[in-house]
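This report refers to the structure that appears directly beneath it.
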Amino acid sequence: MSAPVAANPAFTPRIFSGIQPSGGMTLGNYLGALKRFAEKQDEGIETIYCVVDLHAITVWQDPEKLRHQTREITAAYLASGIDPARSIIFNQSQVTGHAELAWILNCVARIGWMYRMTQFKDKTAGKNAENSSLGLLAYPSLMAADILLYHTTQVPVGEDQKQHLELTRDIAAKFNHDYGVDFFPITEPLIEGSATRVMSLRDGTKKMSKSDPSDASRINLTDDADTIAKKIRKATTDPNPLPETLEGLKDRPEARNLVNIYAALEGSTPEAVIREFAGAQFGTFKPRLADLAVAKLSPITEAMNRYMQDPAEIDRILGEGAARADAIASPILAKTKEIVGMINSRR
Ligand code: TYM
């Protein structure tokens with residue numbers, strides 16, 4: 001092991017997060033990620049939000065659709081209040097440091113760590129895992145690179161990303177240990193609020209997901225008001241009224257999910273929602289939830305549609321964001337290479 005190289009203990013607080021352009025955005029993405037990304041801008045910490053197109057191609061993507069979805073996620077960022085003057089918004093492939101650092105981290109991380117990831121297991125369940133892309137297995141190492149390339153200290157995500165963030169910490173710690181440095185921060189996951197795991201509207205034990213074959217299981221950010229209201233009306237529930245206390249939602253996953261969604265949309269807490277609706281039947285609660293969802297989501301859908309009218313402007317924002325991201329990433333990548341022992345004599 002070599003002597004410590006330029007230890008960097010004083011990490012400036014910095015937030016980074018990303019969303020895959022591998023399909024449309026769901027209410028889960030909005031409440032678990034997007035809405036919180038926008039709120040983080042008010043905390044006086046630098047915020048960097050990425051559209052992770054390199055992650056998306058770990059499973060096959062039609063090139064035209066990938067371009068469209070990358071713009072659509074960017075439009076969703078803008079529509080939910082992420083301001084390119086206050087945050088950096090860019091797509092991952094425009095900053096080549098992500099792929100470069102990922103390679104270095106691939107050589108630090110162990111294959112066994114990747115096989116243990118539940119998302120990898122879920123995505124290959126019932127399929128021939130040997131036939132999935134190598135990228136799908138290495139995916140969490142690219143995610144660690146996204147985070148560590150900016151010396152990120154905090155990452156807002158939904159519950160499903162927790163294991164990947166723990167792995168990021170392990171990779172950072174192993175790099176620091178192997179090279180005898182204190183170079184990469186041990187990043188903190190921010191999994192906060194009542195909607196860290198929004199569940200399917202058809203099955204309260206399954207995560208709401210863009211890849212669920214049933215469109216009725218999710219609310220898409222592109223759904224119109226009627227569709228949102230219809231999906232909520234038809235959401236699976238049990239026959240009992242809402243309980244008097246939160247305790248009463250135990251073992252009622254569908255009811256719990258709708259209460260959590262209401263609280264997150266309203267910006268309150270599940271306790272407050274239960275206080276307001278104690279004893280109410282779903283026949284009363286669901287229309288109220290539908291009204292709230294439409295009131296909160298429609299302006300976002302409309303703004304997304306407006307942004308999507310001008311793809312050139314979206315591309316300009318991504319390009320400008322990529323240049324700003326690269327300015328932060330480049331010296332960190334250069335230092336990483338120096339620590340690893342690579343020569344950089346090209347000036
Ligand atoms: P992705 O694209 O699957 O999801 C983006 C964000 O949305 C959250 N999310 C949910 N939150 C609550 N309930 C749900 N049903 C729900 N579904 C999705 C996710 O937790 C996530 O925060 N690997 C990541 C993308 C990524 C990333 C990163 C994130 C790549 N590099 C670096 C943070 C930092 C992913 O596939 O997210």
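Indexing begins at 1, ligand by ligand and atom by atom, following the structure's order. Only heavy atoms go into these numbers, but all of them, side chains included; no hydrogens, no water, no symmetry mates.
Interface of I147 with ligand 1, defined as ligand atoms under 4.0 Å from a residue heavy atom, comprises 32 (C), 34 (C). When each atom of ligand 1 is checked for a heavy atom of G32 under 4.0 Å away, the hits are 11 (N), 12 (C). Near K207, meaning under 4.0 Å from any of its heavy atoms, are these atoms of ligand 1: 15 (N). Those atoms of ligand 1 with a heavy atom of A195 less than 4.0 angstrom away are 12 (C). Atoms of ligand 1 found under 4.0 Å from any heavy atom of R197, numbered from 1 in the order shown, are 12 (C), 13 (N).
Atom 6 (C) of ligand 1 has its closest protein heavy atom at A33 CB, 3.6 Å. Among all non-hydrogen protein atoms, the one lying nearest atom 12 (C) of ligand 1 is T196 O, 3.3 Å. Taking atom 18 (C) of ligand 1 as the reference point, the nearest protein heavy-atom neighbour is N29 ND2, 3.2 Å. Among protein heavy atoms, atom 15 (N) of ligand 1 sits closest to V198 O, 2.8 Å. For atom 32 (C) of ligand 1, the closest non-hydrogen atom on the protein side is F16 CE2, 3.6 Å. Atom 20 (O) of ligand 1 has as its closest protein heavy atom D160 OD1, 2.4 Å. For atom 34 (C) of ligand 1, the closest non-hydrogen atom on the protein side is V155 CG1, 3.6 Å. The closest protein non-hydrogen atom to atom 25 (C) of ligand 1 is G18 O, 3.6 Å.
Considering backbone and side-chain N/O atoms, D146 comes within less than 3.5 Å of an N/O atom of ligand 1. Between S17 and ligand 1, no N or O atom pair is found at a separation short of 3.5 Å. Residue contacts with ligand 1: Y139 is placed with a nitrogen or oxygen under 3.5 Å of a nitrogen or oxygen of the ligand (distance criterion only). Of the polar atoms of Q20, at least one N or O is found under 3.5 Å from an N or O of ligand 1, judged by distance alone. Considering backbone and side-chain atoms alike, P156 places every N or O at 3.5 Å or more from each N or O of ligand 1. Annotation: Q161 places an N or O atom under 3.5 Å from an N or O atom of ligand 1; distance criterion only. Polar contact with ligand 1: present for G158 (N/O pair, distance under 3.5 Å).
Around atom CD of E43, more than 12 heavy atoms belonging to other residues, nucleotides or ligands sit under 6.0 Å away. No more than 12 heavy atoms of other residues, nucleotides or ligands shown are found within 6.0 angstrom of NZ on K296. For K174, the NZ atom counts as densely surrounded, since its 6.0 Å shell holds more than 12 non-hydrogen atoms of other residues, nucleotides or ligands.
Contacts of V52 with ligand 1, taken as heavy-atom pairs under 4.0 Å, involve the side chain alone.
T196 places no side-chain N or O within donor-acceptor distance of the main-chain N or O of E192, the cut-off being under 3.5 Å. Distance alone, capped at 3.5 Å, is enough to place a donor-acceptor pair between the K127 side chain and the K123 backbone. Side-chain N or O atoms of N257 include one that pairs as donor or acceptor with a backbone N or O of M199 at under 3.5 Å.
Using modelled atom types, one finds a donor on one side chain and an acceptor on the other under 3.5 Å when comparing E266 with S268. Judged purely by distance below 3.5 Å, without hydrogens or angles, the side chains of Q41 and T47 never pair a donor atom with an acceptor atom.
When every heavy atom of Y139 is checked against every heavy atom of T58, the shortest pair comes out as CD1-OG1, 3.8 Å. Between D326 and P331, the shortest heavy-atom distance links the atoms O-CD, 4.4 Å.
Taking all heavy atoms of M143, R218, K210 into account, the minimum distance to atom 27 (C) of ligand 1 is reached by M143. Within the set G23, S22, G28, the minimum heavy-atom distance to atom 11 (N) of ligand 1 is found for G28.
Classification of K207 and D212 as a salt-bridged pair fails, no side-chain N sitting under 4.0 Å from a carboxylate O.
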Problem set entry | CA sep, side-chain torsions, deciding dist, call: R316, E320, salt bridge (charged side-chain N to carboxylate O under 4.0 Å, His left out) | CA-CA 6 Å; R316 190 196 63 74; E320 192 189 284; 3.0 Å; yes
For this session: Begin with the C-alpha distance, continue with both residues' side-chain angles, and end with the deciding distance and a verdict on salt bridge (charged side-chain N to carboxylate O under 4.0 Å, His left out) for R324 and E46.
Result: CA-CA 12 Å; R324 286 165 61 203; E46 187 173 24; over 6 Å; no
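For H98 and Y150, the ring centers sit closer than 6.0 Å to each other.
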